[in-house]
Chemist: 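After the C-alpha cells below, expect a handful of questions from me.
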Amino acid sequence: MSPQDEHRREVTSAELTAPLLSYDDAIRQIAAAFAPLESVEVPLADALGLVLADDVTAEDDIPAFDNSAMDGFALRSVDVDGAVEIRVAAEVGPGTAAKVMTGQPIPVGADAVVPWERAEQLDDGRLRVEGGVRPGRFIRPRGEDVRAGDLVLASGTVMGPVEIGMAAAVGRSRLGVHPRPRVGVLSTGDELVDVGEPVGRGRVRDANGPLLAATVASLGGRVSGIERTPDDPDRIADALIRLVAISDLVVSSGGASVGEKDWLRVVLERFGELAFWRIAMRPGKPVALGRVDGTPVVVLPGNPG
C-alpha cells in the first residue's frame with residue numbers, strides 16, 4: 001500500500017445521504033454548548049477587555065463634596081446683583097468672595113462661583129462682578145454623577161477604558177471577571193506546509209491555522225495551542241487530545257467532509273461525542289460540533305478558507 005493510500009477510509013452511502021441540519025438549528029446548538037467560564041478576581045489593570053462577572057455599585061457619592069466647576073471666585077449669590085464690588089477674603093461671608101480652583105471644595109457660606117473671566121480684580125483687593133449669578137451656578141454638587149449605592153457597572157459588561165475608569169472612581173482595585181477562553185487550533189491535511197515553505201504540486205500553505213488563531217485573538221480569546229497534522233487518524237487523535245487538555249474550546253479545519261481522507265468526524269465520534277454534522281448552507285456545509293472529555297470541538301471544512 002502506498003503512503004497515499006495508507007490512511008484512506010471507506011465512505012458509506014449513509015454519510016452521503018445524511019440529512020442536513022438547518023443553519024438556525026446549528027447556531028442554537030452551538031450557542032447552547034457554551035456557558036460563561038467560572039469567574040476569577042483580577043487586579044483592575046488586568047480587567048481590560050474581560051467580561052464583568054458581578055455588579056459594581058458605588059460605595060460613596062461622586063463627587064464626594066460640593067466643588068467648583070470653574071476657576072474663579074466663590075461667593076453668595078445674594079451679594080451679586082448687577083455691577084457690584086465685593087471684597088476678596090480667605091472666607092466667604094456677606095460682601096466677601098474667596099478664590100477657588102476647579103475641583104476644590106466650595107467654601108462654607110458660598111452658593112455660587114463666578115469664573116475669572118466674568119470678574120475684574122481691582123488694585124485695592126476688591127472684585128468687580130458684572131451681572132448677577134444664580135444660586136448653584138458653576139457648582140458641582142455632591143453626588144451629581146453617582147450616589148452611594150448606585151449601580152455603575154452591570155455584570156456582563158465588557159470592560160473598556162471608560163469602564164476601567166468608572167471602577168477606579170468607585171474604589172474597586174480588583175474585579176470579578178470571566179477569564180478569556182482558551183482556544184486550541186487544529187489544522188489537518190497531508191497537503192499542508194508551513195507559511196514560509198515553498199509550495200509544489202499538491203501542496204498548500206496552512207493559512208487556516210493563522211486565520212483561526214487571529215480570529216480567536218480578535219474576539220477576546222486566548223490561543224492555548226496550535227497543532228497541524230497530516231490525514232492520519234492516530235495523529236489527529238493525539239493532537240486533538242493534547243489541545244483538549246489545555247483548552248476550553250478546540251476549533252479544527254480540514255478533514256470534515258466525506259472524502260476518503262476526511263477523518264475529523266470519525267476521530268471525534270471515536271474519542272468523544274458528535275452533536276451534529278453537516279449544515280444546510282453553502283459554502284461551509286460539512287461543519288460539525290462535538291465534545292471530547294467535556295470540551296466543545298467545532299469542526300470546520302478546510303476549504304474555503
Side-chain angles (χ1 to χ4, degrees), residues 39-177 220:
S39 65
V40 296
E41 190 176 87
V42 300
L44 179 61
D46 294 340
L48 182 64
L50 300 181
V51 176
L52 194 62
D54 306 302
D55 291 342
V56 173
T57 57
E59 296 183 3
D60 309 295
D61 293 338
I62 301 178
F65 48 85
D66 294 350
N67 67 86
S68 177
M70 300 287 285
D71 295 336
F73 298 90
L75 43 69
R76 303 190 322 156
S77 59
V78 296
D79 290 339
V80 182
D81 184 13
V84 298
E85 295 180 5
I86 58 177
R87 183 166 52 88
V88 179
E91 299 179 349
V92 173
T96 63
K99 287 184 179 180
V100 66
M101 301 294 108
T102 301
Q104 284 186 338
I106 298 298
V108 175
D111 67 352
V113 172
V114 173
W116 279 356
E117 54 267 28
R118 280 195 50 203
E120 179 186 359
Q121 297 187 64
L122 306 177
D123 293 339
D124 61 358
R126 300 180 69 79
L127 186 72
R128 179 186 294 275
V129 179
E130 299 287 343
V133 58
R134 67 177 184 270
R137 184 61 171 162
F138 297 118
I139 290 179
R140 298 176 63 237
R142 175 175 179 169
E144 180 182 47
D145 296 334
V146 175
R147 288 287 187 183
D150 283 353
L151 174 67
V152 295
L153 295 170
S155 63
T157 298
V158 178
M159 296 299 295
V162 171
E163 290 74 19
I164 294 290
M166 176 55 75
V170 298
R172 295 294 295 271
S173 61
R174 299 182 67 84
L175 292 173
V177 295

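What's counted below: heavy atoms across the whole structure, side chains too, no hydrogens, waters or symmetry copies. Index from 1, following the sequence.
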Chemist: Taking all non-hydrogen atoms of both residues into account, name the closest pair between Ala90 and Ala98 and its distance.
Modeler: O-CB, 4.1 Å
Chemist: Between Asp150 and Arg147, is there a side-chain N and carboxylate O pair less than 4.0 Å apart?
Modeler: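 So Asp150 does not pair with Arg147 through a salt bridge.
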Chemist: Is Leu44 close to Leu175 at the side-chain level, that is, under 4.5 Å between some pair of heavy atoms?
Modeler: yes
Chemist: How close do Thr57 and Leu151 get, heavy atom to heavy atom, and via which atoms?
Modeler: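 Result for this residue pair: CG2-CA, 4.1 Å.
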Chemist: Are the side chains of Glu117 and Met70 in touch, meaning some heavy atoms are under 4.5 Å apart?
Modeler: yes
Chemist: Rounded to the nearest 0.5 Å, what's the gap from CG on Leu48 to CG on Asp46? Could you check?
Modeler: 9.5 Å
Chemist: Nearest 0.5 Å, what's the CZ-CG distance between Arg142 and Asp60?
Modeler: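 Going from the CZ atom of Arg142 to the CG atom of Asp60 covers 8.0 Å.
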Chemist: With rounding to the nearest 0.5 angstrom, report the CZ to CG distance, Arg87 to Leu75.
Modeler: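 Reported value, rounded in 0.5 Å steps: 13.0 Å.
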Chemist: Indicate the atoms forming the closest heavy-atom contact of Ala58 with Val146, along with that distance.
Modeler: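 For Ala58 and Val146, the tightest heavy-atom pair comes out as CB-CG1, 3.4 Å.
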Chemist: Give a yes or no on whether the backbone of Pro135 and the side-chain of Asp111 come within a donor-acceptor separation of less than 3.5 Å.
Modeler: no
Chemist: Is Val40 close to Val177 at the side-chain level, that is, under 4.5 Å between some pair of heavy atoms?
Modeler: yes
Chemist: Between atom CD1 of Ile139 and atom CG of Asn67, what is the distance when rounded to the nearest 0.5 Å?
Modeler: 9.0 Å
Chemist: Locate the shortest heavy-atom distance separating Pro115 from Phe138; write the atom from each residue and the value.
Modeler: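 Between these two residues, the closest heavy atoms are CG-CE1, 3.5 Å.
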Chemist: Hey, does Val56 have a side-chain heavy atom less than 4.5 Å from the side chain of Glu163?
Modeler: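 Glu163 does not reach Val56 side chain to side chain.
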Chemist: For the CD atom on Glu144, are there more than 12 heavy atoms of other groups (residues, nucleotides or ligands in this structure) within a distance under 6.0 Å?
Modeler: yes
Chemist: Around atom CD of Glu91, are there more than 12 heavy atoms from other residues, nucleotides or ligands closer than 6.0 Å?
Modeler: no
Chemist: Do you know which two heavy atoms are closest between Ile86 and Gly95, and how far apart they sit?
Modeler: CB-O, 3.4 Å
Chemist: Is Asp61 reaching over with its side chain to a backbone N or O of Ala148, donor-acceptor style, under 3.5 angstrom?
Modeler: yes
Chemist: Check for a donor-acceptor pair, side chain of Arg118 on one end and backbone N or O of Val129 on the other, with a separation under 3.5 Å.
Modeler: no
Chemist: Which atom names give the shortest non-hydrogen contact between Ala154 and Leu52, and what distance separates them?
Modeler: O-CD2, 3.6 Å
Chemist: Could you grab the distance from atom OG1 of Thr96 to atom CZ of Arg76, nearest 0.5 Å is fine?
Modeler: 8.0 Å
Chemist: For the atom pair OG1 (Thr157) and CE (Met166), what is the distance rounded to the nearest 0.5 Å?
Modeler: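 Interatomic distance, Thr157 OG1 to Met166 CE, rounded to 0.5 Å: 11.5 Å.
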Chemist: Is Arg128 reaching over with its side chain to a backbone N or O of Glu120, donor-acceptor style, under 3.5 angstrom?
Modeler: no
